[in-house]
Amino acid sequence: MNSDQLPIRTRFAPSPTGFMHVGGVRTALFAWLIAQKNNGTFILRIEDTDKSREVEGSIAQIEKSLKWLGINWTEGINIGGPYTPYLQSERLDIYKTWAQKLVESGRAYADPYTQAELEQFRNDAIANKKAFLYRDHRPENPSVWDGTMPLRFKSDPKSYKWTDAVMGELSTGPEAIDDFVLIKTDGYPTYNFCHIVDDMLMQITHVLRSQEFISSTPKFLNLYEAMDIQRPVLATLPFVMAIDGKKKLGKRDGAKDILEYAAEGYLPEAMMNFLATLGWNDGTEQELFAPSELIEKFSLERVQKSPARFDEKRLLWMNGQWIRKLSLDDLYARSTNFWSDAANTAGDDAKKLVLSLVQDRLKTLSDIPLLTSYFFDEPTAEWSMIEDNKQLNNIPRDEITSMLEAAKTALSNANYDADSLQQTLNTLLETTGQKPGILFSLVRLAVSWAPFSPALNETLATLGHDKVQSRLQVAINISKE
RNA sequence: GGUCUCAUCGUCUAAUGGUUAGGACACCAGGUUUUCAUCCUGGCAAUCCGGGUUCAAUUCCCGGUGAGAUCACCA
């Protein structure tokens with residue numbers, strides 16, 4: 001807790017067991033924000049000590065996810081730093097050294113029992129309605145640890161009170177402390193042991209982790225004492241819950257890969273904003289925070305203690321807000337992978353112009369094809385759209401035809417800029433004596449055959465004279481059938 | 001079962017020993033010469049329950065209830 005004067009160093013230390021979901025990313029984000037805010041260092045360490053759970057390609061996936069969000073590490077995997085290596089499987093000698101120290105100080109011993117014997121102890125405890133504690137079965141004269149048996153921590157059960165930077169005052173009784181395994185028989189350390197060693201050696205000042213670790217914290221406190229090391233600031237983050245479930249968001253419960261959101265056209269700014277404000281706020285009524293504002297304003301003290309549901313509707317709204325904040329050039333640069341094939345045959349200027357019309361209508365970048373298709377592809381006329389339209393469904397066919405013809409004539413001589421076209425359309429309203437709700441609806445459908453589109457004058461201007469003329473002619477022909 | 005944590009609108013949250021308990025998302029209704037979106041206006045909607053302390057409790061205390069976590073040679 002006396003880490004205030006030290007340079008702030010935080011870490012994110014995931015296991016390579018698959019993709020990253022929003023819960024994990026939020027933990028990384030908060031740790032990163034603390035480091036950024038304090039001009040500290042954010043470290044990426046990989047905890048690959050369970051070979052059976054390892055998933056091929058996970059590390060690359062984790063790196064890609066963090067990079068997409070803009071969470072950059074300046075020390076760690078693939079970068080190096082003063083405490084290399086940052087892959088735990090390459091640090092086995094280090095853990096062995098520290099384990100040996102515990103053996104020598106009498107705080108670790110070889111576990112003589114088989115799995116079956118352990119199982120028996122456990123079952124007996126359950127049968128007697130007692131909590132199972134390994135330390136009730138400590139061997140009297142443990143043999144020398146040669147690596148063929150698990151190495152266990154010889155705990156010193158006691159009550160603890162400690163302060164968590166998020167949760168506040170926490171306490172437990174001695175029952176929470178047991179002799180846990182430090183080194184497994186495969187030679188790898190357990191998380192419980194190696195993260196303590198690494199955090200110490202890597203000079204980590206703030207340890208942020210998710211709520212499931214709160215009940216193992218007393219074990220860590222006990223080990224810190226046994227190893228005589230000053231513990232870092234501990235911060236426990238509440239869970240991110242699935243929106244419909246009551247369980248923490250996890251891969252089994254349908255949590256999505258963060259990169260799926262990228263593929264669906266969410267902006268990293270929106271995702272970061274959303275995750276940061278899921279369980280944190282700055283005390284004002286501000287909802288939208290740019291990354292730089294988050295860095296400036298974030299604090300662990302204002303992190304919520306209770307779990308939060310992951311509300312994708314709020315994320316969607318936020319994404320729309322962030323899309324609208326982008327300059328057209330920036331938006332265009334980010335839209336590269338989202339255009340339809342037909343759109344991609346058009347030039348940059350054409351696409352950019354269309355994009356400017358739909359920017360306010362986008363919730364995600366993947367809405368682009370749906371909102372812009374008729375600018376690049378000839379739409380298929382669906383007369384039912386006129387028959388089902390509540391403004392148009394009572395109008396006789398011949399009147400529809402004559403309106404379309406009048407529009408075609410008026411527009412054939414128009415100047416194709418938005419202002420002139422609005423003039424033309426207004427004049428057309430007068431000459432036909434129609435209400436805008438009728439005439440504009442009809443023309444809009446005839447040139448787009450889309451359920452929605454930008455303002456009519458802008459749509460026409462963007463389509464251009466030739467497309468407008470030919471599409472109106474198609475509509476006229478159908479109206480006469 | 002043991003241990004531990006949490007509890008304000010449907011959701012994310014603000015606030016305070018005295019407020020009409022505020023904002024945002026979602027939803028509903030109206031407005032902006034068509035539609036959809038944006039934008040604007042309005043509406044709906046919350047302090048888990050019971051005791052105590054107090055002139056006053058959503059806020060402090062205790063007890064319930066509910067929810068969650070953990071009890072691995074996983075992290």
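A quick note: this is a predicted structure, and the numbers were derived from the prediction, not measured. Reminder, nothing fancy here: chain letters follow the sequence lines and each chain counts from 1.
- The residue A:D186 sits apart from the nucleic acid: no heavy atom pair falls under 4.0 Å.
- In this structure, the nucleotide among B:C73, B:C25, B:A72 sitting nearest to the side chain of A:T185 is B:C73.
- Using atom C1' as the reference point in both B:C60 and B:C28, the two lie 40 Å apart (nearest Å).
- If you check every strand for non-hydrogen atoms under 4.0 Å, A:A455 touches a base.
- Distances shown here put a side-chain N or O of A:R122 below 4.0 Å from the OP1 or OP2 atom of B:A72.
- Checked by distance alone, A:R444 brings a side-chain donor or acceptor within 3.5 Å of a matching partner on the base of B:U35.
- Between A:F298 and A:W280, the ring center distance clears the sub-6.0 Å criterion.
- B:C61 and B:G17: their P atoms are spaced 13 Å apart (whole Å).
- In this structure, A:R302 reaches the B:A15 phosphate: one of its side-chain N or O atoms is under 4.0 Å from OP1 or OP2.
- Closest to the A:S453 side chain, of the nucleotides B:U35, B:C73, B:U34, is B:U35.
- The residue A:Q359 sits apart from the nucleic acid: no heavy atom pair falls under 4.0 Å.
- Of the listed nucleotides (B:C12, B:C25, B:C73), B:C12 has the atom at the smallest distance from the side chain of A:R309.
- Using a 4.0 Å heavy-atom distance criterion, A:P454 is classed as a base contact.
- Here the separation of B:U47 from B:G22, taken at their P atoms, is 12 Å to the nearest Å.
- Nucleotides B:A67 and B:C48, compared at atom P, are 16 Å apart to the nearest Å.
- Mapping A:P451 and A:L118 onto RNA chain B via the closest heavy atom, the residue that lands nearer the 5' end is A:P451.
- With ring centers used as reference points, A:F193 lies 6.0 Å or more from A:F153.
- OP1 or OP2 of B:A14 lies within a sub-4.0 Å distance of a side-chain N or O belonging to A:Q304.
- Rounded to whole Å, the separation between the P atoms of B:U13 and B:U8 comes to 9 Å.
- OP1 or OP2 of B:C74 has at least one side-chain nitrogen or oxygen of A:K184 nearer than 4.0 Å.
- When ring centroids are compared, A:W162 and A:Y224 stay outside the 6.0 Å threshold.
- At the heavy-atom level, A:R152 lies under 4.0 Å from the strands shown only through sugar-phosphate atoms.
- No engagement by A:F274 is indicated, since no non-hydrogen atom pair under 4.0 Å with the nucleic acid exists.
- Between A:R314 and B:A26 there is no side-chain N or O to OP1 or OP2 distance below 4.0 Å.
- Here A:F121 and A:Y113 bring their ring centres to under 6.0 angstrom of each other.
- At the heavy-atom level, A:L456 lies under 4.0 Å from base atoms of the strands shown.
- With the nearest nucleotide of RNA chain B identified for both A:Q211 and A:Y113, A:Q211 has the one nearer the 5' end.
- A sub-4.0 Å separation between OP1 or OP2 of B:G1 and a side-chain N or O of A:K129 is absent.
- Regarding A:N192, its CG atom lies at a distance of 12 Å from the C1' atom of B:U70, rounded to whole Å.
- If you check the side chains of A:S52 and A:D50, you find a donor sitting under 3.5 Å from an acceptor.
- A:E287 comes within contact range of at least one nucleobase, with a heavy-atom separation under 4.0 Å.
- If you check every strand for non-hydrogen atoms under 4.0 Å, A:G279 touches sugar and phosphate atoms only.
- A:L170 comes within 4.0 angstrom of sugar-phosphate atoms only, judged by non-hydrogen atoms across all strands, and of no base.
- Checked against B:C6, B:U11, B:A75, the side chain of A:K305 finds its nearest nucleotide in B:C6.
- A sub-4.0 Å separation between OP1 or OP2 of B:A75 and a side-chain N or O of A:T49 is present.
- Checking A:D198 against A:Y95 by side-chain atom types alone, a donor-acceptor pair falls below 3.5 Å.
- If you check B:A75, B:C4, B:G23 against the side chain of A:Y191, the one that comes closest is B:A75.
- Proximity of A:Q321 to the phosphate of B:C39: a side-chain N or O atom is located under 4.0 Å from OP1 or OP2.
- Backbone-only contact: A:K363 has heavy atoms under 4.0 Å from sugar-phosphate atoms and none from a base.
- A straight line from CZ of A:F180 to P of B:C74 spans 13 Å, rounded to a whole angstrom.
- Note on A:S171: only backbone sugar-phosphate atoms sit closer than 4.0 angstrom, heavy atoms only; bases stay farther off.
- Between B:U13 and A:N281, no contact under 4.0 Å exists linking OP1 or OP2 to a side-chain N or O.
- You'll find the ring centres of A:F310 and A:F274 inside the 6.0 Å limit.
- No side-chain donor-acceptor contact under 3.5 Å links A:N273 and A:E269.
- The residue A:M167 sits close only to the backbone: its heavy atoms come under 4.0 Å of sugar-phosphate atoms, none of a base.
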